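Input: a single structure, listed below in structure tokens.
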Amino acid sequence: MSCFDEGHFNGDLENGVSIGCGEVGFEEEAKSDIADIEDAVKVLLIGLGEDINREGLRKTPFRVAKALSEGTRGYKQKVKDIVEGALFPEAGLENNKIGHAGGAGGLVIVRDLDLYSYCESCLLPFQIKCHVGYVPSGQRVVGLSKLSRVADVFAKRLQEPQRLADEVSSALHQGIKPAGVAVVLQCTHIHFPELESFFLESNQQAWVKTLVSSGSGIFESKNADVWSDFFCLLKFRGIQIEKVRLRGSSDQCWCPSLSTLSAKVTSKVVPVNPAMITAVSSILNSLGEDSFRKELAGTPIRFVKWLLNFQSIDMDVKLNGSLCSGMDTLNLNREVSFNDKQIRSELNLPFWSQCEHHILPFHGVVHIGYFLPEGFNVIRKSLLQSIVHFYGFKLQVQERLTRQIAETIAPLILGGHVIVVVEASHTCMISRGIEKFRSSTATFAVLGRFSTDLAARAAFLQGVASATTSGAQ
Ligand SMILES: Nc1nc2c(ncn2[C@@H]2O[C@H](COP(=O)(O)OP(=O)(O)OP(=O)(O)O)[C@@H](O)[C@H]2O)c(=O)[nH]1
Ligand SMILES: [Zn+2]
């Protein structure tokens, strides 16, 4: 059932009708929506060739349903309730003078509100740093927390940055009746790897960012001088405004899936399992969206194409003798002394993976260290990058990914002395109510001398610390 229709937004503000799917039997409806989403997730997992009964996946359909429902709870929240009762009388600087100095005497801005939303084009969460300001009028101000709560109502939907900014500024204007509202959003979206070119280039950026704004009342015009007050107060926080896309500016496609995955759909006929597409459409409807809404038209196929990256890649990593080329296999048994001057490092190899608990991406960089005695060839970086992708492009947990990379490299190295460190940002940690935006997870796997020799580990880790900033974000 869809609660998303053109007029729903204004109607909900004025008469307080719940934005959700009606009050009566709402709990029951929510439960059946969760169950429907779980069934759809099972179809997706089976479409990936996964065993839905295996340990790591058994609870995944429920976790995903819970996460998506949490991430789109905004459809069921009433903006009116949030603002009503939180408008406080406050004399202005110049009593009864209407306009800029009316009310409490000038601009009020709350900066650095960390929110997350779900991208309507690819169904992945994206991060938002939201800055909301308004000029009070009518001798009253609104509770500061309500600015964040109202922004969150619209963030917790399937969104696109500009529409989100517009909805927040419009909702606050209707709720507070100020002289004007201004909203600036800094949005950060995971970058989609271009698999074909990916194995060649290791310098793929991890994030796509955009800055959008929206204004109402005295902020309606993007040239209004009150915007410069607003931008100055943002500059205090180091936010460079020049890059803000003011409303109505050219709408370059924000979501990277609109350029990469769609291009792949058109450039090459890639068979996509229709049952998986139907499953994603049913998830959209269970969330209270209208899967026929034009912005959602291509979302199911984009989401399925993204998922299929993690089915398994047909790249066959040849770990036979040819990889040991230059390593004289007779010497492989020869004892050679280990010294930390002979540690070879390959750092910042990018990876993408998908957490099997929430079917949400985690991505970052892999640092690999191994022992390279005199006279032996290094392992080609492209091979190490291929091994990283081979294990990355699966439904994973980070610890398992780290171990599998180390175990695959060890046999290629004299003595099997290898250390692997993975640094990653987990999308499941920035969303789902956890919302730890700047968190990143590091995992470690050590084999051979690296598991017993602290000095060797320290030598490698020092090298990583001084040679690189984490690529996780
Ligand atoms: N160790 C590990 N845990 C992960 C990874 N990716 C996701 N998780 C965790 O998987 C766990 C699943 O816990 P559950 O209690 O079954 O599910 P949940 O209700 O979504 O848990 P919360 O995250 O606490 O909301 C969560 O704690 C996630 O943080 C990973 O790569 N490694
Ligand atoms: Zn997207």
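All values derive from a computational prediction rather than experimental measurement. Order of listing sets the numbers, starting from 1, for every ligand and every atom in it. Computed over heavy atoms, backbone and side chain alike; hydrogens, waters and symmetry mates excluded.
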Let's go through F126 and W254 carefully: what are the C-alpha distance in whole Å and the side-chain angles of both, what is the deciding distance for ring-ring contact (aromatic ring centres under 6.0 Å, His included) to 0.1 Å, and is it a yes or a no?
CA-CA 11 Å; F126 65 92; W254 132 262; 5.1 Å; yes

Find all atoms of ligand 1 within a distance of less than 4.0 Å from any non-hydrogen atom belonging to [X], and give their numbers and elements.
{"X": "C355", "result": "6 (N), 7 (C)"}
{"X": "H358", "result": "18 (P), 20 (O), 28 (C)"}
{"X": "R63", "result": "12 (C), 14 (P), 16 (O), 17 (O), 20 (O)"}

Take the angle between the ring planes of H389 and F393 and call it parallel below 30°, perpendicular above 60°, tilted in between.
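Ring orientation, 0 to 90° scale: tilted.
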
Assign the ring pair W227 / F230 to parallel, tilted or perpendicular, where the plane angle (0 to 90°) is split at 30° and 60°.
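Perpendicular.
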
Which residue and non-hydrogen atom of the protein lie closest to [atom], and at what distance in Å?
{"atom": "atom 30 (C) of ligand 1", "value": "Q398 N, 3.7 Å"}
{"atom": "atom 23 (O) of ligand 1", "value": "R432 NH2, 2.6 Å"}
{"atom": "atom 8 (N) of ligand 1", "value": "H357 ND1, 3.4 Å"}

Protein non-hydrogen atom found under 4.0 Å from atom 25 (O) of ligand 1
yes

Examine distances only and state if a side-chain atom of Y75 and a backbone atom of L158 form a donor-acceptor pair shorter than 3.5 Å.
yes

Side-chain (Y134) to main-chain (S169) donor-acceptor, under 3.5 angstrom:
no

How close do L395 and R400 get, heavy atom to heavy atom, and via which atoms?
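Closest pair (atom of L395, atom of R400, distance): O-NH1, 3.7 Å.
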
Please state which part of C428 comes within less than 4.0 Å of ligand 1, counting heavy atoms only: side chain, backbone, both or neither.
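Near ligand 1, C428 shows its side chain, while the N, CA, C and O stay back.
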
Please walk me through it: do W207 and H191 pass ring-ring contact (aromatic ring centres under 6.0 Å, His included)?
CA-CA 5 Å; W207 302 95; H191 185 73; over 10 Å; no

Could you tell me if any non-hydrogen atom of K66 lies under 4.0 Å from any atom of ligand 1?
yes

SG (C255) to the Zn ion (ligand 2) to SG (C122): angle, nearest 10 degrees?
110°

Are any of the N/O atoms on Q396, whether in the backbone or the side chain, positioned under 3.5 angstrom from an N/O atom of ligand 1?
no

Out of E399, K59, E70, indicate the one that has the non-hydrogen atom closest to atom 2 (C) of ligand 1.
E399

What I want to check is whether the side chains of Q398 and T441 have a donor and an acceptor closer together than 3.5 Å.
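Side chains of Q398 and T441: no pair found under 3.5 Å.
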
